[in-house]
Number of protein chains: 2
Amino acid sequence: MHTIEDGTGRAAPPGLRERKKRRTRDTLIRSALELFALKGFDGTTVDEISEAADVSQRTFFRYFANKEEVALAVQDSVESFFFARLRERPAAEAPLTALRNAVLASWDSVGEAIESVVPLELHMRTYRMIESTPQLFAAHLHRLARLEEELAREIARREGLDVRTDPRPQVLVAAFGGVMRVTGKLWGERGNAGLEELRKITTRYLDQLGPALAENWRN
Amino acid sequence: MHTIEDGTGRAAPPGLRERKKRRTRDTLIRSALELFALKGFDGTTVDEISEAADVSQRTFFRYFANKEEVALAVQDSVESFFFARLRERPAAEAPLTALRNAVLASWDSVGEAIESVVPLELHMRTYRMIESTPQLFAAHLHRLARLEEELAREIARREGLDVRTDPRPQVLVAAFGGVMRVTGKLWGERGNAGLEELRKITTRYLDQLGPALAENWRN
DNA sequence: GAGATTATGGCAGCCTCTGACAATTGACCA
DNA sequence: TGGTCAATTGTCAGAGGCTGCCATAATCTC
């Protein structure tokens, strides 16, 4: 959201103050993720992160509302990135198709966007940590829920519907989001699979959405 | 899970010690929910809850791992209750039908089960608080995610499938769970709607699952 | 009733997070 | 260039969540 260019492409002239802030923020993220990878989320204190980034603890909390937030910062950017891809889908595409294409499209280029903040490998380790740390996983789900609200609004906008009266956008997004969570979880369990692997799992599981809702599975 | 009889109907002979523990636990829950309703979740300290229940703070943390847990205790029971209803569905029912009937069935009788611990009205207030308190909502979503894993296993068992090879149980449950979250949210926003209202929203939204996945919405 | 278990209370202490105030630093203009 | 204003940071104090440890008190078992 803050540190990853989402592809909108508009460049603003950043003053020294802005650049410094961004640098501090990125340093905090990097320091945190490295420490987390080394000693785990609970095993790392905010004091340690602050010290590694060479700022006071108080400053840490001015950049991140809580310890979870720094752990989810990159993931958060990834989700904004995906959302930006959705907006780019042509209006002619059906809702579910647009969602599907947006995920696949985002994985084509999100890798480099991540690298601009932390090494991809470190982010993947972090992702696995999120899935396996209850407190982080809970916060992650919460963010996804908020993302889904945005998605529903965007789908409704595309189709010219009112989210308050037509349930379909929310229902579609809920189903879609559910599948994405399952695939994310599977991917995380896969240990060290790459983005191609993730792509495979996703298409496979999305393809099962129709069949899964069918009345009779025993055919 | 602990305080609500889930309908399995097995009666064990509880000694004085067990009864006392259960009473303490229930008192803690009631005290907590009342204070939460009065002063909000963040505005209530564990010390206050403990004092209201007439135990030490240390004892509180022996009953609940953290402050969130006591807020979600009743909701947790409700979910176990639903799960028990799912197990009772006849094997002939198709997966989605079984899930749907299980929710509806659980709402027929969960009211009394709740009343055995706290007034229904208080629980509904608590539910709304959960939806509107970020920290609680996150924890709630986490619990739902774990419930969905159980549901997927149960569906797979019913259909004689292996969750590891067939994606359908997980996909179905993910979609179903997503819709349930949306309905729960809507119900919470509805202010003071009763269980009948919840039932209506649920059937309405579940019915939209098929249409929402359709390729073209403009028919 | 004596001894073994188990629940509770009290306390010290770590960690997360916040408010308040002072000091520093960058932005901007005469 | 220097001076003013606004934003950023550090320091400090303190509340609140949560845990380990040990002593005490309450049940359970025989």
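Only this structure's heavy atoms are used, side chains among them; waters, hydrogens and symmetry mates stay out. Every chain is numbered from 1, with letters handed out A, B, ... down the list of sequences.
If you check every strand for non-hydrogen atoms under 4.0 Å, A:Y63 touches sugar and phosphate atoms only. Within 4.0 Å of A:S50, counting heavy atoms only, lies no atom of the nucleic acid at all. A:S56 comes within 4.0 angstrom of a base, heavy atoms only.
With distances taken from any side-chain atom of A:V55 to the nucleotides D:dG10, D:dG17, C:dT25, the minimum falls on D:dG10. Here the side chain of B:K67 is nearest to one of D:dT9, C:dT16, D:dC18, namely D:dC18. Here the nucleotide nearest the side chain of B:F61, chosen from C:dT18, C:dC15, D:dT19, is D:dT19. Comparing D:dC21, D:dT11, C:dT8 by their nearest atom to the side chain of B:R58 picks out D:dC21.
Nearest-nucleotide mapping onto DNA chain C: of A:F64 and B:R62, the residue sitting toward the 5' end is B:R62.
Taking the six-membered ring for Trp and thresholds of 30 and 60 degrees, B:W187 and B:Y127 have ring planes inclined between 30 and 60 degrees apart.
Distance check: A:F64 CZ to A:I49 CD1 gives 9.0 Å after rounding to the nearest 0.5 Å.
Both cation-pi conditions hold for A:R85 and A:F81: the charged atom is under 6.0 angstrom from the six-membered ring centre and inside a 45 degree cone around its axis.
Not a single donor-acceptor pair, N or O on each side, falls under 3.5 Å between the base of C:dG26 and the side chain of A:R19.
Annotation: side chain of B:V182 is not in contact with side chain of A:V171 (no heavy-atom distance under 4.5 Å).
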